[in-house]
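In what follows, a structure is listed as structure tokens, so that the remarks can point back to it.
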Amino acid sequence: MTTTEIATIAVPDELLENTAESRHFEGAADLPALAAGPDTYRFAGPVAWSVDVTNTGEALLVMGTAKATAATDCARCLDEVAYDLEGDIEGYFVMGGEEAEAPEDLEGDEFACLPEDHIIDLVPLIEQALLLELPLVPLCDDDCKGLCPRCGANLNEGPCACADEAAGEDNPFAALKNLKFD
Ligand SMILES: [Zn+2]
Ligand SMILES: [Zn+2]
């Protein structure tokens, strides 16, 4: 077992040379903020990762998990909302350099070639794993009331002064009170 403070794996020769050989690696890495559509997730601390790397004969199969706490802004009220994420890391690195045959049963984005220096960068795999765990729309609560569109007050903290006026405008009979019957 090898522990690192970064998110790269230097593949040892014994693993490269022996089919069916498997090694465990784990570590923690500081990653930059993660962009997911219109949202940006900031990591509260290092992202913990843990993988098994197996020599399949033609490739190195990387499988494991990534764990992190990531925070972003609630889509409605803009308060910070944090998520504990745990996603599956999956990677497939074909050995044999440039002239290696592409695996027949995999799409182009499902595998990569093992770099000549035999160092695997896990960052893209970790980001992919965590992206899949993120909500489509980040909300502090399913019932978040959001911000008042007029004054910007956070309506989760109670109704704002606009509430009464708005109620008046929405009321189809509100105009009647301005009519004079005489
Ligand atoms: Zn909210
Ligand atoms: Zn308001």
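As a basis for the values below, the full set of heavy atoms in this structure was taken, side chains included, without hydrogen atoms, waters or symmetry mates. Both counts, for ligands and for their atoms, begin at 1 and track the order of listing.
Glu17 contributes atom CD, which lies 9.5 Å from atom CG of Asn55 (distance to the nearest 0.5 angstrom). Interatomic distance, Cys74 SG to Glu80 CD, rounded to the nearest 0.5 Å: 11.5 Å.
In this structure, SG of Cys162 and SG of Cys160 enclose an angle of 110° at the Zn ion (ligand 2), rounded to 10°.
Taking 2.8 Å as the limit, the number of protein N, O or S atoms around the Zn ion (ligand 1) is 4.
Using a 4.0 Å cut-off between charged nitrogen and carboxylate oxygen, Asp73 and Arg42 count as a salt-bridge pair.
Judged by distance alone, the side chain of Arg76 and the main-chain N or O of Asp142 form a donor-acceptor pair under 3.5 Å.
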Could you list the donor-acceptor pairs under 3.5 angstrom formed by side chains in residues 117-135, with sequence neighbours left out?
from: Asp117; atom 1: OD1; to: Ile119; atom 2: N; distance (Å): 3.1
from: Asp121; atom 1: OD1; to: Val123; atom 2: N; distance (Å): 3.1

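The minimum heavy-atom distance between Tyr83 and Leu139, with the atom names listed, is OH-N, 3.3 Å.
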